[in-house]
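To keep things clear, I will list the structure first and then write my remarks on it.
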Amino acid sequence: MTDSAKPTLMVVDGHSLAYRAFFALPVDNFTTKDNQHTNGIYGFLSMLVNLIKAEQPTHLAIAFDTSRHSFRTEEYSEYKATRSESPQEFKGQIPLLQDCLAAMSIPVLTKEGIEADDILATLASQGAEQGFDVLVVSGDRDTIQLVNDDVTLLYPSVQGVSQLKRYDPTTVQERYGVRPEQYPDIAALVGETSDNLPGVPKVGEKTAVKWLTQFGSLDELIARADEIKGVVGGNLRDHIDDVRRNRKLNRLLTDVELPVGPSDLAVAPIDAQAVRDIFARLEFRTLLPRVFEAVGAGEVADDPASVVVVPAPVETSPAELAAWAVAQHGDVSLRIMTQGGSPTRIGAATLTDLRESDWTESAAEALREWIESDAPKVLHDAKPQVKALIRQGIRLRGLAYDTSLAGWLLRPSFPDKTLSDLVERYLGEKLPEADPSQLVPETEGATPSQEAWFALRVADALREDIPESVAAVLVDIELPTLLTLADMEVAGVAVSHEVLSTFSGELAARAEGLAQEAFSVVGREFNLGSPKQLQEVLFEDLQLPKTRKTKTGYSTDAAVLADLQESNPHPFLSLLLQHREATKLRQIIESLDTAIGDDHRVHTTYVQTGSQTGRLSSTDPNLQNIPVRTEESRRIRSAFEVGEGYDALLTADYSQIEMRIMAHLSGDEGLIEAFNSGEDLHRFVGARVFGVEPSEVSPAMRTKVKAMSYGLVYGLSAFGLSKQLRIEQSEAKQLMVEYFARFGAVRDYLRASVMKAKEVGYTETIFGRRRPFPDLASPNRVLRENAERAALNAPIQGSAADIMKIALLHIHDDLRSQQLSSRVLLQIHDELVVEVAPGEWDATEQIVRARMGDAAQLSVPLDVQVGRGRDWNEAAH
DNA sequence: CTACTAACGTA
DNA sequence: CGTACGTTAGTAGG
């Protein structure tokens with residue numbers, strides 16, 4: 001063990017150890033859903049964490065090679081020339097590993113033209129001089145020369161990276177028979193195959209050690225080379241130049257100029273959130289607690305910067321709180337605690353003053369005027385609070401900032417979910433949290449007004465960070481959308497239990513019949529819903545050919561079953577598919593039915609921060625994926641009915657909004673003409689692509705260009721298109737050529753759009769919503785190409801989302817300002833469902849059409865289809 | 001009980 | 001080897 005009085009400097013060769021881990025760990029177990037390999041990263045970090053725990057270094061750095069070129073290749077071009085190129089799967093892991101280390105606040109050192117081991121040698125030498133105990137961790141034998149009384153080498157043993165062998169001067173002497181500083185002499189004589197440094201033929205370790213012991217030094221040996229007899233003596237004399245060269249090349253530099261010295265490498269508190277983020281991305285789960293344990297996440301909390309004095313709240317009555325709030329001039333932050341959707345307590349804060357109060361009987365009346373005024377209010381995750389107020393008959397106005405939305409707009413790919421996350425990221429502080437595992441918590445959680453105070457400070461920090469265009473999206477789109485969604489969620493949509501349960505009963509009976517039939521075909525009963533048992537039946541009992549592989553076995557999804565049915569028709573396959581369909585519909589019905597409330601309505605929750613593109617998502621239940629494609633499944637939609645006191649449901653959807661946005665963004669004259677011609681889009685495009693009259697476009701032709709058009713928006717390849725259309729890849733390729741011959745500006749735009757994103761690092765919608773794409777710069781091809789497709793899609797899907805949000809909030813505001821009772825209930829990305837009050841149809845339809853049509857000024861019109869009915873299915877026609 | 005996967009519904 | 005989501009049942013681990 002090291003002397004505890006002395007600081008311990010640990011320096012690690014990142015490249016060589018990660019490389020060993022890369023080969024030691026099976027790649028199959030270390031691949032993310034994005035196909036990013038992580039075995040090298042995991043293995044290295046795992047080893048590092050163990051090392052830190054065991055050695056408790058006070059100072060730490062990891063060195064990496066920059067490339068295979070160094071001053072050594074300059075001197076001797078054959079240096080390491082026989083070493084095969086390290087695989088791309090490994091190289092791609094290095095930048096990610098360095099990101100992990102950055103998050104862990106561990107310095108990463110590199111220098112152009114210098115190998116990692118030279119950096120280690122320099123730091124080891126400086127460290128020893130400055131009174132450190134030095135631990136060198138490397139997989140390169142040349143580092144043996146660094147060992148002395150102050151420097152210990154940890155070298156991977158044959159068992160693998162997890163077992164490191166400790167070399168001090170004594171163990172080196174035992175193992176190699178020489179002192180550490182003599183080891184390079186041996187290596188020079190013997191040569192190093194892996195570095196392509198040939199030594200003296202027939203001379204191995206034994207001979208080399210014997211000579212060195214005999215002559216005392218390499219120089220002496222070279223000077224008296226003629227004293228050596230026999231063949232080896234001749235070999236030595238013939239290869240003296242090689243030996244001199246080897247010795248020159250294997251000497252590690254101890255005078256590399258580095259921006260930091262050992263004392264700058266003190267172990268620093270980790271960035272806990274950054275570590276969580278990157279580990280989440282790499283899908284490391286078990287490693288996270290190990291990292292926190294080893295490097296002490298506790299240090300984050302102990303960081304002086306995070307010790308903040310939170311002002312003490314003043315307990316008031318609701319009326320006093322309201323009076324105080326009204327007297328404030330700037331932003332007031334607000335936090336309403338709720339239970340079961342009703343307010344229980346309210347807290348408010350400025351930067352200097354905190355007030356809070358229980359939500360008493362009279363609270364609503366006392367607070368109404370201020371809450372409904374334009375006075376600016378800042379909240380974190382306002383929607384549930386706004387909803388609680390709506391249920392009290394209070395409509396919040398003056399919503400100036402929502403930190404949850406702002407945080408999402410800045411980093412849509414890593415949603416900082418909670419206020420606590422944002423406090424950590426933007427203030428570098430800890431939000432006081434009660435320990436939920438304790439009945440009587442040792443630590444007090446933040447009170448409502450204290451949470452409000454933190455939110456206000458987070459808002460100020462976010463305002464500094466947020467680009468102007470993104471701030472505009474927040475203020476002009478997201479904040480008003482939040483208030484609209486709150487109304488929609490509170491309203492809910494009427495769903496008929498009777499319609500659902502009738503259908504459910506039919507489906508249950510059918511599913512049971514299909515299951516029995518399937519069992520008799522197979523000859524045994526099993527769980528049709530278990531992919532695992534299904535695989536046994538398909539590939540063992542029935543001996544059907546194996547399909548596409550999944551992580552855990554072979555796929556049994558609808559697409560491969562359809563393929564199987566074509567190549568190996570079997571009655572079981574169609575029974576299975578029908579059974580799947582019936583049970584799936586039944587599940588959807590079941591979840592919908594249980595969501596029906598006492599008011600006979602279903603209240604979904606829209607997650608405004610739920611996507612990376614700007615779309616909404618819908619949960620509990622998800623009303624954005626109610627089946628529509630088949631006639632039968634549409635029966636579910638017919639259960640969505642107009643509510644009591646209302647006349648009709650109105651559905652309104654944008655037709656081909658994404659293609660219209662493509663036309664607008666690309667300025668493609670052909671596509672713009674297509675939308676202005678009034679002709680069916682796919683017919684028009686088909687006519688151009690296949691060189692026929694629109695009337696001569698066959699259904700097959702229309703299907704092809706339709707798939708192509710939609711595919712474009714997603715970054716479709718010839719391979720994907722051929723799979724989708726079940727045509728040859730060459731034909732798909734030809735289709736793409738013909739398509740782009742007519743609509744070339746579309747391709748130009750898509751290319752330019754991704755190029756621009758690579759340059760600036762993010763994409764932008766028409767309205768300025770941004771989405772960062774760090775992976776566009778990734779050396780990993782899979783990651784990069786995935787990012788390219790997503791980057792291609794983001795401005796299009798995102799602009800469509802912006803337009804729909806603008807239309808939605810305009811419709812909502814118009815309906816209210818014209819004092820109509822009709823109300824928007826649902827948003828399904830490009831469709832709205834409105835509940836229309838008696839006598840309001842014409843006014844409502846007019847508002848919906850106008851507001852959807854003029855939500856954005858594009859170079860093509862925004863076409864809106866409107867339908868009317870007693871239920872959703874009827875209204876869709 | 002939690003966390004994950006395969007499968008599948010929507011735009 | 002086509003984007004963006006949420007939910008479910010089955011399964012494996014604790």
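Chain letters run A, B, ... following the sequence lines, proteins first, then strands; residues in each count from 1. Since this is a predicted model, take the numbers as computed values, not measurements.
In summary, the aromatic rings of Tyr739(A) and Phe743(A) are positioned with their centroids under 6.0 Å apart.
Residue Val628(A) is classed as a sugar-phosphate contact, given heavy-atom separations below 4.0 Å to backbone atoms only. Using a 4.0 Å heavy-atom criterion, one finds that Arg615(A) contacts the bases of the nucleic acid, with or without backbone contacts as well. Using a 4.0 Å heavy-atom criterion, one finds that Thr556(A) contacts the sugar-phosphate atoms exclusively. Contact annotation for Ala558(A): backbone-only contact, meaning every heavy-atom pair under 4.0 Å involves sugar-phosphate atoms and none involves a base. Across all strands, Leu585(A) comes closer than 4.0 Å to no nucleic acid atom at all (heavy-atom distances). At a threshold of 4.0 angstrom between heavy atoms, the contacts of Gly711(A) include nucleobase atoms, whether or not backbone atoms are also involved. As judged by a 4.0 angstrom heavy-atom cut-off over every strand, Arg548(A) is placed among residues making no nucleic acid contact.
No hydrogens or angles considered: nothing links the side chains of Glu540(A) and Gln535(A) as a donor-acceptor pair under 3.5 Å. Side chains of Asp620(A) and Thr605(A): no donor on one and acceptor on the other come within 3.5 Å.
When the salt bridge (Lys or Arg N to Asp or Glu O under 4.0 Å) test is applied to Lys91(A), the partners found at least two apart in sequence or on another chain are Glu85(A). Applying the side chain to side chain contact (heavy atoms under 4.5 Å, CB included) criterion to Glu738(A), with sequence neighbours excluded, gives Val689(A), Gln734(A). Scored by the side chain to side chain donor-acceptor pair (under 3.5 Å) test, Gln533(A) finds no partners at all (sequence neighbours excluded). With sequence neighbours left out, the side chain to side chain donor-acceptor pair (under 3.5 Å) criterion links Thr763(A) to no other residue.
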As a quick check of understanding, evaluate side chain to side chain contact (heavy atoms under 4.5 Å, CB included) for His682(A) and Tyr710(A), giving each step before the final call.
CA-CA 10 Å; His682(A) 305 304; Tyr710(A) 276 105; 3.9 Å; yes
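The OH atom of Tyr606(A) sits 13 Å away from the P atom of dG6(C) (whole-angstrom rounding). Put simply, CG on Leu507(A) is 16 Å from P on dC8(B), counting in whole angstrom units. Separating the CE atom of Met662(A) from the P atom of dT3(C) is a distance of 15 Å, rounded to the nearest angstrom. Atom-to-atom, CD of Gln827(A) to P of dT10(B) comes out at 17 Å; the value is rounded to the nearest Å. Here the C1' atom of nucleotide dG9(B) and the CD1 atom of Ile589(A) are 13 Å apart, to the nearest Å.
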Scoring nucleotides 7-14 of chain C by protein non-hydrogen atoms under 4.0 Å (B base, S sugar-phosphate only, - none) yields SSSSSS--
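If you check distances only, the side chain of Arg580(A) never reaches the base of dA7(B) with a donor-acceptor pair under 3.5 Å.
For DNA chain B, none of the residues of residues 726-734 of chain A falls under the heavy-atom distance limit of 4.0 Å.
Heavy atoms from other residues, nucleotides or ligands lying under 6.0 Å from CD of Gln516(A) number more than 12.
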